[in-house]
Amino acid sequence: MRGLSHRLHRFDVKQMPYVLIAPFFILFTIFGLFPLIFNGVVALRTWRLDDPAQDGWAGLANFERLLTDEDFWNALYNTFGIFVLSTVPQLFLALCVAFLLNRRLRGQTWFRVSMLLPYITPLTASTLVFLVVFGRDTGVANWVLSLFGMDSPIDWRAGKLQSWVAIATMVNWKWIGYNALLYLSAMQTIPRDIYEASALDGASSWKQLWRITVPMILPVVIFTVVLSTIGGLQLFTEPMLLDSNPASASGGSNGEWQTIAQLIYKVGWKNLNLGYAAAMSWALFLIIVIVAVVNTLVTNRLGGGKR
Amino acid sequence: MSTTTEDRIAHEPAPAARRNRIKPSMSGRAPQDTPAGKWTYLLLGLTFLLSIYPIYWMFVIATSTDAALAEIPPKFLPGGEFMKNLDEVFSLQDVYFAESLVNSVIVSTVITVSVLFFCSVAGYAFAKLRFRGSRILMVMVILTLTVPNQLGIVALYILMGYMPGEGGWNGSLLAVIVPGLVSAFGVFYMRQFILGAVPDELIESGRVDGATTMRIYWSIVLPAVRPALAVLGLLTFVGSWNDFQWPLITLGGTDYPTSMVALFDLASGNYVLYRRVLAGAFVATVPLIILLFVGGRQIVRGIMEGAVKS
């Protein structure tokens, strides 16, 4: 008996920790890591959902096709256009809102919670609302613009720029409050005596914002830049639902706002060419890594960081 | 402080003459100790209105007739047609709206409970138990935080086709639930929290009393990490409720969608009525608004503590 309980105790101390972390590693390996790697294999094969018999190695054919695929370059162009129109105003306005929130406020918790309304709203639901807001004939957006003296209503689905602006508006609406809270939490960790010292030097609070607050929260700014790069370059729901027939995944009658994530969906599950869709996913992965690194460096430089 | 900061922001870009008037913040108080002025409240109020307007507008259209959409200036007050619109949504064939709500509740609940359990035991192991390789394994967890899983979506679809059962898992809720059962962020978050919230002495004294590892988890760790469980649970529930791309791929076109996929179906097709679409959207949004109302404090805290990847 003594031996058994001793063995049990040994097991509890030596092996139990592995039992506790095993579920995470097993599930993550199967459904997270393996698909990422297997995706590389699929990209090198002919893999059609409608014709399994065609299955076979394709070498780099999928990637070669990518280089000359007009749809891909168009989608890449759109993705970047929307990305710039959404990320830059989003992070700047988030900074402004965080600056406003970073005061002694009555109803502080209430204000913070209310900033999360857009974040918590399902993306499909809010996108469907914006669809109505950006209607050509009776949309609220055109009505507001008409109040400012614009007489001919904009057809938001008719061209690249206006559809990008509409989509970027949806993205900005959703993420400004969320990013503002991230900035706010970083702002509140700045030691108080730094402000005291700069006040003695006669810095105004506007100057304090740019000379103290922003440089001090730079790590979080970089973090949000990386996050919005990863999210922004994979934009899917908004462009999908903006289509008058969402199921087509075409992103406008001439692909005005078709993003890469949307094109991957179309190639994979409308054209049923999974091999080519996998190659596109890898290309997108590579692009995200490059852009995230570049953006980090640029933000660091702009924010006055060393190096 | 006659010239408040808010004043200046509101009038940017300031003309040179005005800029000279800007006084230093002489009090030397940190911003968070400075009482907000009227401009701060005004601008925050405006931000709030812009945040809530689309949700309110969704409700207005959801409660109105078709004619409401054409009104200029836009209709401001809700109408009385909500039940009628909703009734139409629920009775639409090919959309399966009622089933989709049930499915979303199942998916989000199972995923949330599972994430809370698996991530808290793994976080406990990483924070408080000694075992070989714990450091390198934790680094692996952190590395996986940065990989966007969406990029493996094609291969995930193929993999689901090979899962046991007739025709694999595509088109069944299993395909949506199982990949969500654990989260790297959850493990990381729970580990950080347990490190700070559970003193080593408490664990040691449990050991001396002869408690097993799991016994210590139940009676010492779990009660101490309840706040973190609330945060992680809320963020996980919201994330899985709102998930769209993967459910669309694997459940789209079946008669077993989640509510996000059902909304997509509602908005597709040749004959789309927005009062219907937005009535459905509103129903799918309400549970989350209730969650924000009840657990808003926790969600804010979770996000501000760096709870970022959901």
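Every chain is numbered from 1, with letters handed out A, B, ... down the list of sequences. In what follows, every heavy atom counts, from backbone to side chain, and hydrogens, waters and symmetry copies are set aside.
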Is there a donor-acceptor pair under 3.5 Å between the side chain of [X] and the backbone N or O of [Y]?
| X | Y | result |
| --- | --- | --- |
| Thr213(B) | Asp12(A) | yes |
| Thr138(A) | Leu69(B) | yes |
| Ser185(A) | Met304(B) | yes |

Heavy-atom distances under 4.5 Å only: say whether [X] touches chain A with side chain, backbone, both or neither.
| X | value |
| --- | --- |
| Tyr274(B) | side chain |
| Tyr53(B) | side chain |
| Leu129(B) | side chain |
| Met163(B) | side chain |
| Phe293(B) | neither |

Considering only heavy atoms and a distance below 4.5 Å, find which of [options] pairs most often with chain B.
| options | result |
| --- | --- |
| Phe285(A), Tyr183(A), Phe38(A), Trp173(A) | Trp173(A) |
| Ala186(A), Gly40(A), Pro246(A) | Pro246(A) |
| Met240(A), Met115(A), Arg106(A), Gln188(A) | Arg106(A) |

Distance, nearest 0.5 Å, that separates CG of Leu151(B) from CD1 of Ile264(A): 7.0 Å

With Arg45(A) via side-chain hydrogen bond (donor to acceptor under 3.5 Å, both in side chains) - residues at least two apart: Asp55(A)

What part of [X] lies closer than 4.5 angstrom to a heavy atom of chain B: side chain, backbone, both or neither?
| X | answer |
| --- | --- |
| Trp47(A) | side chain |
| Leu117(A) | both |
| Leu128(A) | both |
| Asp193(A) | neither |

With chain A as the partner, which of [options] has the greatest number of non-hydrogen pairs under 4.5 Å?
| options | value |
| --- | --- |
| Leu181(B), Leu159(B), Val238(B) | Leu159(B) |
| Leu288(B), Ile158(B), Ile153(B) | Ile158(B) |
| Gly180(B), Ser259(B), Ala184(B) | Ala184(B) |
| Leu248(B), Leu266(B), Asp265(B) | Leu248(B) |
| Val154(B), Leu278(B), Val121(B), Thr285(B) | Val154(B) |
| Val178(B), Ile52(B), Ile249(B), Leu156(B) | Ile249(B) |

Full working for ring-ring contact (aromatic ring centres under 6.0 Å, His included) between Trp246(B) and Phe236(A): CA-CA 11 Å; Trp246(B) 172 241; Phe236(A) 178 74; over 10 Å; no

Ion pair check, Arg104(A) and Asp33(B), cut-off under 4.0 Å: no

Nearest heavy-atom neighbours spanning Pro73(B) and Trp143(A): CB-CZ2, 3.3 Å

Donor-acceptor list for residues 14-21 of chain A side chains, cut-off 3.5 Å, not counting sequence neighbours:
| unit_1 | atom_1 | unit_2 | atom_2 | d |
| --- | --- | --- | --- | --- |
| Tyr18(A) | OH | Arg132(B) | N | 3.1 |
| Tyr18(A) | OH | Arg132(B) | O | 2.6 |

Step-by-step side chain to side chain contact (heavy atoms under 4.5 Å, CB included) determination, Leu49(A) to Tyr157(B): CA-CA 11 Å; Leu49(A) 277 175; Tyr157(B) 182 83; 4.0 Å; yes

Test side chain to side chain contact (heavy atoms under 4.5 Å, CB included) applied to Val300(B) and Thr109(A), step by step: CA-CA 9 Å; Val300(B) 167; Thr109(A) 308; over 6 Å; no

